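Quantities reported herein were computed from a predicted structural model and do not represent experimental measurements. Sequential numbering from 1 along the given sequence is applied to the chain's residues.
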Amino acid sequence: LGMYFMISVGNFLMFFLGMELASIPMACLIAFDKYRHNSAEAGAKYILCALFSSGLMLYGISFIYGTAGTLYFDDIRLDGSPLQIMALVFFFSGLGFKLSLVPFHLWTADAYQGAPTTVTSYLSVISKGSAAFVLMTILIKVFAPMVQEWRTILFVVIILSITVANLFAIRQQNLKRFLAFSSISQAGYIMLGVIGGSALGMTSLVYYILVYMAANLSIFGIVSAVEQHTDGKVCIEDYNGFYRTNPKLAVLMTLSLFSLAGIPPFAGFFSKFFIFAAAFKEGFHLLVFIALLNTVISLYYYLLVVKAMFITPGEHPVPTFRSDRGTRLSLALCTAGVLLLGIASVVYDSIGAFAFGM
C-alpha cells in the first residue's frame, strides 16, 4: 500500500507518507526471524539508515516548500536557485537509500544477509522497482528546469554504483551478500533509463525492471529452497557440484544469472540493450561505454557461481531434493519471464520494423 501511494500521488507530503508506510513494515520483515542475531541486526541497521534518509528527504522537501510555496507536483515552479539545488541533493539522497545507490548502499549487504531469504527477494525487486519509477517521475515532472543538475548527479552516481558494486561482488562468498551487490549494480543500470529523461528511457526502465524481477526472484527462489533443505547453506562454495545432485535447479539458476549478466538470447540482454540505447540517444556516450565495461566485469562474477555449480567438485554437495509445488510453479513462471520477455521484445521490434518499412 505504501509503495502504491509512492508511485501514484502528486504531492510531496503524501509521497513521504507512502514511503514511510512502506519502510516501517519492511524493517519488521527484515527482523522477522527474531531468534537469529543476524536478522535483528539487519533490521536495526535498516531502520536507522531509513531514519537518516527520511530526515534528509524531509529537509529537501522543506526547501522545496520554502522556495515554491506548494507541495503539489503540478504547481511547483523551480528556477534553479541554490536552495532548490540543495533540495534536489537532499531529496535524491533520501531516495538513493531506497535504491541502494552508491554511496547510500552501506546497509544493503547486511540487510540482505540477515533478513529471511523470502523477505530479501521481496526487498530486492519491489522496493527497488517502485523507488526507480518514483524517482524518474519526480525528476521529470518537478525538477525538469534543473535537468542539467540532476543529470550531473546521476552521471556520477551511476558510475560509482555500477563499478563499486561489481568490484565488491567479486569478493563475496555469501550468496545473499553477492546478490546484494549485484542488485546495487543493477540499480545503477536502471538509472541509465532515468538519466535519459525520455519516453524511450521510461519504457526501457519499466522493461528492465520486469526482466530484473523475473531473474532475481528465480535466483532467490532457488537459494531459499536450498537453504530450507540444507539447514541454512548460503555460501557459493556450498553450491560446488550442485549440478550433479540437482541438475534442473542448476540449469534454472544459470539461465537467470546469464539474464542478469546480459547474455543473449535471454531477456536481460535486450533490457540492457534498450536501456543503453536510451542513454546513448541522449548523448551519454562515455557513460554507456563505462557501463559496457562493467557488464564484462559482472559476467565474470556471475560465472563464478556457474563454475561452482557445474565444474568445481564438492566434497559435501547439496543433497538431491524436490521442492514443493508452489516453489516449482514460481520458478517456472520466473524462468518463462527470463526466456519469453526476450523473445517478445524481438518479435515486437520485428513487427515494428516491418510496419515502419511498409
Worksheet item: Can Ile170 and Phe181 be said to form a side-chain contact (heavy atoms from CB on, under 4.5 Å), step by step?
Response: CA-CA 9 Å; Ile170 296 174; Phe181 285 104; over 6 Å; no
Worksheet item: Which value, rounded to the nearest 0.5 Å, describes the distance between Leu257 atom CG and Leu303 atom CG?
Response: 8.5 Å
Practice prompt. Measure across Cys334 and Leu217 and return the closest heavy-atom pair with its distance rounded to 0.1 Å.
Written response: SG-CB, 3.8 Å
Discussion item. With side-chain contact (heavy atoms from CB on, under 4.5 Å) as the criterion, how do Ile222 and Leu252 come out once you've worked through the C-alpha distance, each side chain's angles and the decisive distance to 0.1 Å?
Written reply: CA-CA 8 Å; Ile222 296 171; Leu252 294 182; 4.0 Å; yes
Worksheet, complete the sentence: In this structure, OG1 of Thr335 is separated from CE of Met253 (nearest 0.5 Å) by 12.0 Å
Discussion item. Between Val134 and Leu95, is there a side-chain heavy-atom distance shorter than 4.5 Å?
Written reply: yes
Worksheet item: Does the ring centre of Phe73 sit less than 6.0 Å away from the ring centre of Phe12?
Response: yes
Worksheet item: Tell me the ring-ring contact (aromatic ring centres under 6.0 Å, His included) pairs involving residues 99-126, sequence neighbours left out?
Response: Tyr46-Trp107, Phe97-Trp107
Practice prompt. Rounded to the nearest 0.5 Å, what's the gap from CG on Leu205 to CE on Met136? Could you check?
Written response: 6.0 Å
Item to complete: Evaluate the side-chain proximity of Met309 to Thr254: yes if any heavy-atom separation is below 4.5 Å, no if none is.
Response: yes
Response to the item:
Scanning both residues in full, the closest heavy-atom pair of Asn174 with Val234 reads ND2-CG2, 3.4 Å
Discussion item. Assess, by modelled atom type and distance only, whether the side chains of Tyr208 and Gln186 contain a donor and an acceptor separated by less than 3.5 Å.
Written reply: yes
Fill in: Polar contact flag, side-chain donor to acceptor under 3.5 angstrom, Ser298-Asn166
no
Worksheet item: Within a strict 4.5 Å, meaning less than it, do heavy atoms of the Met26 and Met3 side chains meet?
Response: yes
Practice prompt. Would you name the heavy atoms of Ala180 and Ala109 that are closest together and state the gap between them?
Written response: CB-CA, 3.7 Å
Discussion item. How about OH on Tyr243, more than 12 heavy atoms from neighbouring residues, nucleotides or ligands closer than 6.0 Å, or not?
Written reply: no
Discussion item. Suppose we call two aromatic rings close when their centres sit under 6.0 Å apart. Are Phe63 and Tyr59 close by that rule?
Written reply: yes
Practice prompt. Would you give the length of the straight line joining atom OG1 of Thr120 to atom CG of Leu179, rounded to the nearest 0.5 angstrom?
Written response: 9.5 Å
Discussion item. Using the rule that Ile, Leu, Val, Met, Phe, Trp and Tyr join whenever any side-chain heavy atoms are under 4.5 Å apart, tell me whether Ile85 and Tyr65 fall into a single cluster.
Written reply: yes
Practice prompt. Tell me, please, which residues at least two apart from Phe155 pass ring pair (Phe, Tyr, Trp, His ring centres under 6.0 Å).
Written response: none
Discussion item. Assigning hydrophobic clusters by single linkage (Ile, Leu, Val, Met, Phe, Trp, Tyr; side-chain heavy-atom cutoff under 4.5 Å), is Ile153 placed with Leu287?
Written reply: yes
Worksheet, complete the sentence: Partner of Lys98 under side chain to side chain donor-acceptor pair (under 3.5 Å), picked from Ser23, Ser53, Ser127, is Ser23
Worksheet item: Do Lys141 and Ile76 come within less than 4.5 Å of each other through their side chains, counting heavy atoms only?
Response: no
Fill in: Proximity of Tyr207 and Phe274 rings by center, below 6.0 Å
yes
Worksheet item: How many angstroms lie between atom CG of Leu175 and atom CD of Glu237, to the nearest 0.5 angstrom?
Response: 11.5 Å
Fill in: Ser330 side-chain N/O to Thr327 backbone N/O, donor-acceptor pair under 3.5 Å
yes
Item to complete: Test side-chain contact (heavy atoms from CB on, under 4.5 Å) on Phe92 and Leu154 and set out the steps.
Response: CA-CA 9 Å; Phe92 183 85; Leu154 275 176; 3.6 Å; yes
Discussion item. Is it the case that atom CZ in Phe321 sees more than 12 heavy atoms from other parts of the structure closer than 6.0 Å?
Written reply: yes
Discussion item. Could you check whether any side-chain heavy atom of Asn246 comes within less than 4.5 Å of a side-chain heavy atom of Val318, counting everything from C-beta outward?
Written reply: yes
Worksheet item: Is the number of heavy atoms from other residues, nucleotides or ligands within 6.0 Å of CZ (Phe280) greater than 12?
Response: no
Discussion item. Walk me through whether Ser81 and Gln84 qualify under side-chain contact (heavy atoms from CB on, under 4.5 Å).
Written reply: CA-CA 5 Å; Ser81 65; Gln84 291 175 355; 3.3 Å; yes
Worksheet item: Are side-chain heavy atoms of Leu71 and Phe15 found at a separation under 4.5 Å?
Response: no
Fill in: Atom pair OG (Ser259) and CZ (Phe269), whose distance is rounded to the nearest 0.5 Å
11.5 Å
Practice prompt. For Leu99 and Lys128, work out which heavy atoms get closest and say how close.
Written response: O-NZ, 3.2 Å
Fill in: Aromatic ring pairing Tyr302/Phe178, orientation class (parallel under 30°, perpendicular over 60°, tilted between)
perpendicular
Practice prompt. Provide the closest heavy-atom pair for Ala278 versus Gly201 in the form atom of the first, atom of the second, distance.
Written response: CB-CA, 3.6 Å
Discussion item. Take a 6.0 Å sphere around CZ of Arg328 and say whether it holds more than 12 heavy atoms from other residues, nucleotides or ligands.
Written reply: yes
Worksheet item: What are the two closest heavy atoms between Ile158 and Leu192, and how far apart are they?
Response: CD1-N, 3.9 Å
Practice prompt. List the steps and the verdict of side-chain hydrogen bond (donor to acceptor under 3.5 Å, both in side chains) for Thr108 and Ser100.
Written response: CA-CA 7 Å; Thr108 311; Ser100 304; 3.2 Å; yes
Worksheet item: Can Ser218 and Ser256 be counted as having a side-chain donor-acceptor contact under 3.5 angstrom?
Response: yes
Discussion item. Taking the cut-offs as 6.0 angstrom to the six-membered ring centre and 45 degrees off its axis, would you call Lys272 and Tyr189 a cation-pi pair?
Written reply: yes
